Amino acid sequence: FENVSKMDIDTFYFSNKKVNCQGVTWRLYALRKVSKGEICLGVYLDANLHEFAPGERYSVDFEITLINQNKGRSGNVSEKDTHQLPDPESGNTAWGVIFTSTPFRQLISPESGFLIDDAIIVQCEFTATRC
């Protein structure tokens, strides 16, 4: 994600990279969120609902990682979750994590190693299984 320091709160920033899994297009998006009074980065895995067959659901196991560009793997921050998409209650086709352990002010700090040239690298590994 680029222009990270200019991200507005609750504005979606979509990745231009898309992946096809189980015949569905998936992509990441990020946004600044307020969590427990602290501004944090939320990163979400989004599925294209228009590519789902009627009534189709996926169980999705995913890990989203903020890559530390200076410290290597030892400085990375990861969050894992499992969710069903679309969400049975809300119908949402996106689910993600809010990195409360790395507040936004720390993320964009030059000393943190996450932000280089106003860009962060986010990695997502996931499996999607039809329910």
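Computed from a predicted model, the values in this text were never measured in an experiment.
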Query - Distance-only polar pair, side chains of T100 and E38, donor-acceptor under 3.5 Å - result: no
Query raised in the report: So do the side chains of E63 and C124 get within less than 4.5 Å of each other, counting heavy atoms only?
Result: no
Query raised in the report: Looking at the rings of Y13 and F1, which for Trp means the six-membered one, are their centres under 6.0 Å apart?
Result: no
Query raised in the report: Could you walk me through whether T82 and V60 pass the side-chain contact (heavy atoms from CB on, under 4.5 Å) check?
Result: CA-CA 6 Å; T82 298; V60 183; over 6 Å; no
Report task. Determine whether the side chains of D81 and W95 contain a donor N or O and an acceptor N or O closer than 3.5 Å. Result -> yes
Query - Salt-bridge present (D118, K6; N to O < 4.0 Å) - result: yes
Query raised in the report: Where do L45 and F126 come nearest, in terms of heavy atoms and distance?
Result: CD2-CG, 3.7 Å
Requested in this report: Answer yes or no: is there a side-chain heavy-atom contact under 4.5 Å between V4 and I108?
Outcome: yes
Query raised in the report: Should we count CG of D117 as having more than 12 external heavy atoms under 6.0 Å?
Result: no
Report task. Go through the steps for T11 and L31 under the test side-chain contact (heavy atoms from CB on, under 4.5 Å), then give the verdict. Result -> CA-CA 6 Å; T11 299; L31 70 155; 6.0 Å; no
Requested in this report: Give a yes/no verdict on a cation-pi contact between R32 and F104, requiring under 6.0 Å between NZ or CZ and the six-membered ring centre and an angle within 45° of the axis.
Outcome: yes
Requested in this report: Assess the side chains of T65 and N76: does a donor N or O sit below 3.5 Å from an acceptor N or O?
Outcome: no
